[in-house]
Amino acid sequence: MNIHAHGLPVNEGDVEWAFDRDFEAGYHEEIAVEFHEHIDVPATAPVGAYHMVITIEDENGITEVIDTHLDVTP
């Protein structure tokens, strides 16, 4: 999973934020799973729209990509 922003203003007290992580533990050799993971967005992340890309790959290397956005609000 990758979350990043494009051109958000970094105001005083903000710290530029991006997230990139693989979630593999507990998902191998499963036929169906309910994906439920928590992502902690720091309170100092700039407010705005972030691009979120979720790539799902099965044991045979077949991938599916979900491309969406995440709104960070104050």
Side-chain angles (χ1 to χ4, degrees):
M1 174 181 297
N2 178 274
I3 303 171
H4 58 277
H6 295 286
L8 287 181
V10 180
N11 299 313
E12 186 176 333
D14 289 348
V15 176
E16 202 169 327
W17 175 74
F19 180 87
D20 193 20
R21 182 171 169 199
D22 291 334
F23 295 95
E24 295 183 10
Y27 297 111
H28 285 288
E29 298 181 8
E30 296 292 331
I31 293 176
V33 298
E34 181 177 327
F35 182 77
H36 185 94
E37 301 287 346
H38 293 267
I39 299 165
D40 292 323
V41 178
T44 56
V47 170
Y50 286 74
H51 184 210
M52 181 165 63
V53 180
I54 302 169
T55 304
I56 303 162
E57 182 177 353
D58 70 9
E59 299 291 335
N60 297 318
I62 299 170
T63 61
E64 179 75 24
V65 176
I66 300 167
D67 194 342
T68 189
H69 76 279
L70 169 74
D71 290 322
V72 172
T73 59

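The basis for the numbers below is simple: all heavy atoms, side chains too, and nothing from hydrogens, waters or symmetry mates. Just so you know, these numbers come straight off a predicted model, no measurement behind them. If you read the sequence from its start, that first residue is 1, and numbering goes on from there.
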With no hydrogens and no angle check, do the side chains of D67 and H51 hold a donor and an acceptor under 3.5 Å apart? yes
Could you see if V33 belongs to whatever hydrophobic cluster contains I39? Use Ile, Leu, Val, Met, Phe, Trp, Tyr and a side-chain cutoff under 4.5 Å. yes
Hey, quick one: are V15 and I3 part of the same hydrophobic cluster, counting side-chain heavy atoms closer than 4.5 Å, chains of contacts allowed? no
Neighbour count above 12 (heavy atom, 6.0 Å) for E57 CD: yes
If hydrophobic clusters are built from ILVMFWY residues whose side chains come within less than 4.5 Å, do Y50 and V47 share one? no
Check P46 against P9 and note the closest heavy-atom contact, atom names and distance. CB-O, 3.6 Å
Treating D58 as the side-chain partner and N60 as the backbone partner, does any N or O pair qualify as donor plus acceptor under 3.5 Å? yes
If you look at every heavy atom in E59 and E29, which pair is closest and at what distance? OE2-N, 3.0 Å
Does E64 use its side chain to pair, donor to acceptor, with the backbone of I56 at less than 3.5 Å? no
Does V41 belong to the same Ile/Leu/Val/Met/Phe/Trp/Tyr cluster as F23, with side-chain heavy atoms less than 4.5 Å apart forming each link? yes
Distance, nearest 0.5 Å, that separates NE2 of H4 from CG of L70: 12.0 Å
Shared hydrophobic cluster, F35 / F19 (ILVMFWY, side-chain heavy atoms < 4.5 Å): yes
Using a 6.0 Å cut-off, check whether atom CG of N11 has over 12 heavy atoms from anything other than its own residue. yes
